[in-house]
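Here is the structure we will look at.
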Amino acid sequence: MSMTVLQQHQTAEHTSRNRRTLEAALDIDPGTTRFASQTHSTIVLCSGDKGWGQVDTLGEGDAIISEDGRAPIAILVADCLPIAFTTDYGPTAIAHAGRVGLLNGVIQNTVRHLQSLDAQSSGSITATIGPGICGSCYEVPKLMRDQAALDHPAISSETSWGTAALDLPAAAGFILQQLGVEVQRISECTFTNERLFSHRRAPGGGRLAGIVWPTRKV
């Protein structure tokens with residue numbers, strides 16, 4: 001799904017075909033899905049009126065908001081977390097939460113932006129945490145784990161082989177719950193599930209797309 005991270009022998013045209021195939025399967029108008037140039041930031045972008053068929057990306061950012069919930073929005077991952085947001089008052093969002101973005105506040109920024117669009121301040125937000133590397137597989141230096149846990153205790157973990165690790169899904173879930181967001185989780189580990197792309201298991205092997213899109217009314 002990435003125009004720049006390509007599997008061997010693939011080109012940007014392969015990615016374009018993959019995107020069009022996915023859009024057709026989801027009943028999304030071709031070329032209208034919005035993507036961001038992801039930099040592990042906390043920047044939240046607005047979806048605007050142009051999809052990837054007109055502009056490659058919306059610019060640098062790691063979350064996208066559709067203020068009316070009508071734009072198909074997407075982020076790309078391969079171990080980092082895709083987090084999809086829906087609301088009962090209209091807006092939707094999608095966020096890319098890797099270690100850096102999660103620790104720096106991309107989830108909080110996304111939720112606060114959604115909350116700012118709730119005119120009555122009484123709506124609810126639901127977040128779905130998609131597949132990412134799990135706390136039993138995301139090995140990091142012990143010092144990194146311990147420093148991250150100072151502000152986010154839920155992130156502290158240990159690999160299945162007994163070394164220091166980070167649990168991004170647990171940390172994301174805790175942050176979301178503290179913000180009053182209803183949390184759902186797809187418990188699939190990208191590192192162990194070979195049907196999914198994993199940068200740690202196979203660097204440069206490709207990217208998964210996390211998408212929020214409106215269904216057509218019949």
Non-hydrogen side-chain atoms of S116 and D118 separated by less than 4.5 Å: no
Qualifying residue for side-chain contact (heavy atoms from CB on, under 4.5 Å) with I107, from V181, T42, L176, L81: L176
Any donor-acceptor pair under 3.5 Å from R34 side chain to G48 backbone: yes
Inter-residue atom distance L58.CG - S37.OG, 0.5 Å rounding: 10.0 Å
Heavy atoms from other residues, nucleotides or ligands near CD of E194 exceed 12 (cutoff 6.0 Å): no
Side-chain heavy atoms of C46 within contact of E67, under 4.5 Å: yes
Closest non-hydrogen atom pair between V183 and G173, with its separation: CG2-O, 4.0 Å
Donor-acceptor pair between Q184 and T128 side chains, under 3.5 angstrom: yes
Interatomic spacing from CG in L45 to CD in Q38 - rounded to 0.5 Å: 10.0 Å
Between CD on residue Q147 and NE2 on residue H152, distance to nearest 0.5 Å: 12.5 Å
Within 45° cone of Y138 ring axis and under 6.0 Å: R145 NZ or CZ: no
T159 side chain to E139 side chain, donor-acceptor N/O pair below 3.5 angstrom: no
Pairwise side-chain contact, L76 with L208, heavy-atom cut-off 4.5 Å (strictly under): no
Cationic tip of R19 above W52 ring, under 6.0 Å, 45° of axis: yes
Shared hydrophobic cluster for F85 and I211 (ILVMFWY, side-chain gaps under 4.5 Å): no
Donor-acceptor contact present, side-chain N109 to main-chain V44, <3.5 Å: no
Side-chain touch P131/C189, heavy atoms, less than 4.5 angstrom: no
Atom pair CD1 (I125) and CG (D88), whose distance is rounded to the nearest 0.5 Å: 9.0 Å
Minimum heavy-atom distance between S136 and W161, given as atom pair plus value: O-CZ3, 3.8 Å
Main-chain N/O of A170 paired with D167 side-chain donor or acceptor, under 3.5 Å: yes
Reported CG-to-NZ distance for the pair D146 and K142, which is rounded to 0.5 angstrom: 3.5 Å
Donor-acceptor under 3.5 Å (W213 side chain, A71 main chain): no
Side chain proximity check, R99 to L166, heavy atoms < 4.5 angstrom: yes
Partner residues of D79 under the side chain to side chain donor-acceptor pair (under 3.5 Å) criterion, sequence neighbours left out: T190, S198
Side-chain donor-acceptor contact under 3.5 Å, N193 with E188: yes
Heavy-atom pair of closest approach, residues L102 and A97: CB-CB, 4.5 Å
Same apolar cluster: I133 and V106, side chain cutoff 4.5 Å: yes
Cluster check V77, I83: I/L/V/M/F/W/Y, side chain < 4.5 angstrom: no
Heavy-atom side-chain proximity of T87 to T92 below 4.5 angstrom: no
Any donor-acceptor N or O pair under 3.5 Å, side chains E23, T33: yes
Distance, nearest 0.5 Å, that separates CD1 of I155 from CG of L150: 11.0 Å
R70 CZ: over 12 foreign heavy atoms closer than 6.0 Å: no
Atom of P214, atom of G69 and distance for their closest heavy-atom approach: CB-O, 3.7 Å
Pairwise side-chain contact, C80 with H40, heavy-atom cut-off 4.5 Å (strictly under): yes
Heavy-atom pair with the smallest gap, counting every atom of T110 and A93: CG2-CB, 3.8 Å
Common cluster, I65/Y89, ILVMFWY with side-chain heavy-atom separation under 4.5 Å: yes
Donor-acceptor contact present, side-chain T32 to main-chain D29, <3.5 Å: yes
Same apolar cluster (I L V M F W Y, side chains within < 4.5 Å links), I43/V111: no
Heavy-atom closest contact (S157 atom, G135 atom, distance): OG-O, 2.8 Å
